[in-house]
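Every value quoted in this text rests on a predicted model; they were computed, and no experiment measured them. Because only heavy atoms are used, hydrogens play no part in the values below, and waters and symmetry mates are left out as well, while side chains stay in.
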Amino acid sequence: MTDLDLQKAIVKEIEKLTQDQSLKKLNDEVWKDYNIYTQEKPYKDDFADDDQEDYVIVMLDDEDTDEDGNWIVNVHILLSIKLYEEQHQGNLILANLMNQLDLHFWSLRILDNRYEMQKQRHKRFNQECYPNYYECDYITRWKIPAAHQEGIDQLV
């Protein structure tokens, strides 16, 4: 049970939401055809332009232990969409998607029967994107239970 296992579990849960067509835009249109990356997205020249448009990045960040020695891991779920429309509704669409993710993960509270979501959560918007691109960051904290380790004295 490591931070990398937690990251995989979060990606798997987002993929499940995609398969269930649970993530919807403001007009109830299903959000689909996006890529999911871990830690960072590929550089623009590495893949086709479509890989750069709509995506999710599940990124591990700082980690600290609590008073019981359990790791508390900050996880960023970055969302990015490319949108050509005159109403400039990109941040509203992202706010709606973050709300859906928050509702889903908060209702679970325990992910993969091991990882406990903590109360502290944050939503942030990147206001310095290129035109027609919108980005946000849904920041969560998760407790990783301490791994059970047997010492030599327990084996004797």
Side-chain angles (χ1 to χ4, degrees), residues 1-66 70-112 114-144:
M1 292 181 281
T2 68
D3 52 356
L4 296 174
D5 295 323
L6 168 63
Q7 184 181 43
K8 289 176 189 172
I10 291 173
V11 167
K12 184 177 174 182
E13 197 64 31
I14 293 172
E15 287 172 342
K16 181 179 161 191
L17 288 172
T18 304
Q19 291 167 356
D20 295 343
Q21 298 187 344
S22 296
L23 293 176
K24 304 208 188 248
K25 295 183 180 179
L26 290 174
N27 61 0
D28 270 350
E29 175 188 345
V30 173
W31 191 41
K32 57 184 178 182
D33 299 327
Y34 61 89
N35 296 296
I36 302 176
Y37 303 114
T38 54
Q39 287 313 104
E40 58 189 53
K41 71 180 182 70
Y43 289 108
K44 190 156 182 66
D45 296 333
D46 289 348
F47 290 93
D49 285 342
D50 291 349
D51 294 341
Q52 303 293 321
E53 293 180 359
D54 289 7
Y55 59 85
V56 175
I57 301 173
V58 178
M59 183 177 71
L60 301 173
D61 196 10
D62 293 341
E63 301 180 31
D64 297 295
T65 55
D66 64 8
N70 297 304
W71 282 106
I72 304 296
V73 181
N74 292 318
V75 178
H76 295 254
I77 301 174
L78 294 103
L79 307 174
S80 179
I81 60 173
K82 183 177 181 182
L83 185 64
Y84 290 106
E85 48 86 35
E86 293 182 19
Q87 294 81 19
H88 302 290
Q89 299 293 304
N91 282 337
L92 289 176
I93 292 169
L94 290 175
N96 185 46
L97 291 170
M98 279 194 294
N99 288 342
Q100 292 172 63
L101 286 173
D102 184 59
L103 179 64
H104 178 75
F105 283 112
W106 190 244
S107 67
L108 288 178
R109 295 273 178 99
I110 304 291
L111 182 62
D112 205 26
R114 324 179 247 204
Y115 308 108
E116 180 183 351
M117 187 175 192
Q118 303 297 285
K119 292 179 183 178
Q120 303 86 357
R121 305 181 309 277
H122 307 279
K123 297 177 184 176
R124 303 286 186 259
F125 291 92
N126 180 359
Q127 302 297 345
E128 298 178 13
C129 293
Y130 291 111
N132 303 315
Y133 286 85
Y134 299 88
E135 295 177 347
C136 68
D137 189 3
Y138 172 54
I139 306 166
T140 56
R141 293 173 54 88
W142 297 84
K143 181 192 293 188
I144 298 178

Please determine whether side chain to side chain contact (heavy atoms under 4.5 Å, CB included) holds for the pair His104 and Glu13, giving the CA-CA distance in whole Å, both sets of side-chain angles, and the decisive distance to 0.1 Å. CA-CA 10 Å; His104 178 75; Glu13 197 64 31; 2.8 Å; yes
Hey, what do you get for [atom1] ([X]) to [atom2] ([Y]), rounding to the nearest 0.5 Å?
X	Y	atom1	atom2	answer
Lys123	Tyr138	NZ	OH	7.5 Å
Cys136	Asn126	SG	CG	9.5 Å
Cys129	Tyr134	SG	OH	9.0 Å
Gln118	Arg141	CD	CZ	7.0 Å
Asp5	Tyr115	CG	OH	4.0 Å
Ile144	Leu4	CD1	CG	8.5 Å

Answer yes or no: is there a donor N or O on one side and an acceptor on the other, between the side chain of [X] and the main chain of [Y], under 3.5 Å?
X	Y	value
Asp61	His76	no
Asp20	Leu17	no
Ser22	Thr18	no
Asn27	Glu29	yes
Arg124	His122	no

Side-chain heavy-atom pair [X], [Y] within 4.5 angstrom cut-off:
X	Y	result
Glu135	Glu128	no
Thr38	Ile57	no
Leu94	Ile81	yes
Asp54	Asn35	no
Leu97	Trp31	yes
Glu15	Val11	yes
Arg121	Asp102	yes
Gln7	Val75	no

Less than 3.5 Å apart, any donor N or O on the side chain of Asp3 or Trp71 sitting next to an acceptor on the other?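 There is no such pair (donor and acceptor under 3.5 Å, judged by atom type) between the side chains of Asp3 and Trp71.
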No-hydrogen, no-angle side-chain donor-acceptor test under 3.5 Å, Asn96 and Lys24: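 Per modelled atom types, Asn96 and Lys24 side chains form no pair under 3.5 Å.
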Where Phe125 and Ala95 come nearest, the two heavy atoms and their spacing: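 Heavy-atom minimum between the residues: CZ-CB, 3.8 Å.
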Specify the closest pair of heavy atoms between Ile110 and Arg114, including all atoms of both residues, with the distance to one decimal.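 Nearest pair, atom of Ile110 first, then Arg114: CG2-N, 3.8 Å.
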Do other residues, nucleotides or ligands put more than 12 heavy atoms under 6.0 Å from the NZ atom of Lys12?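 No, not enclosed.
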CD (Gln21) with more than 12 external heavy atoms under 6.0 Å: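 Open: at most 12 neighbouring heavy atoms sit under 6.0 Å from CD of Gln21.
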Under the side chain to side chain contact (heavy atoms under 4.5 Å, CB included) rule, what do Leu83 and Asn132 come out as? Steps first, then yes or no, please. CA-CA 5 Å; Leu83 185 64; Asn132 303 315; 5.8 Å; no
Let me see the working for Leu101 and Ile77 under side chain to side chain contact (heavy atoms under 4.5 Å, CB included), right down to the final yes or no. CA-CA 9 Å; Leu101 286 173; Ile77 301 174; 4.0 Å; yes
Run Tyr34 and Leu79 through side chain to side chain contact (heavy atoms under 4.5 Å, CB included) and show every step you take. CA-CA 10 Å; Tyr34 61 89; Leu79 307 174; over 6 Å; no
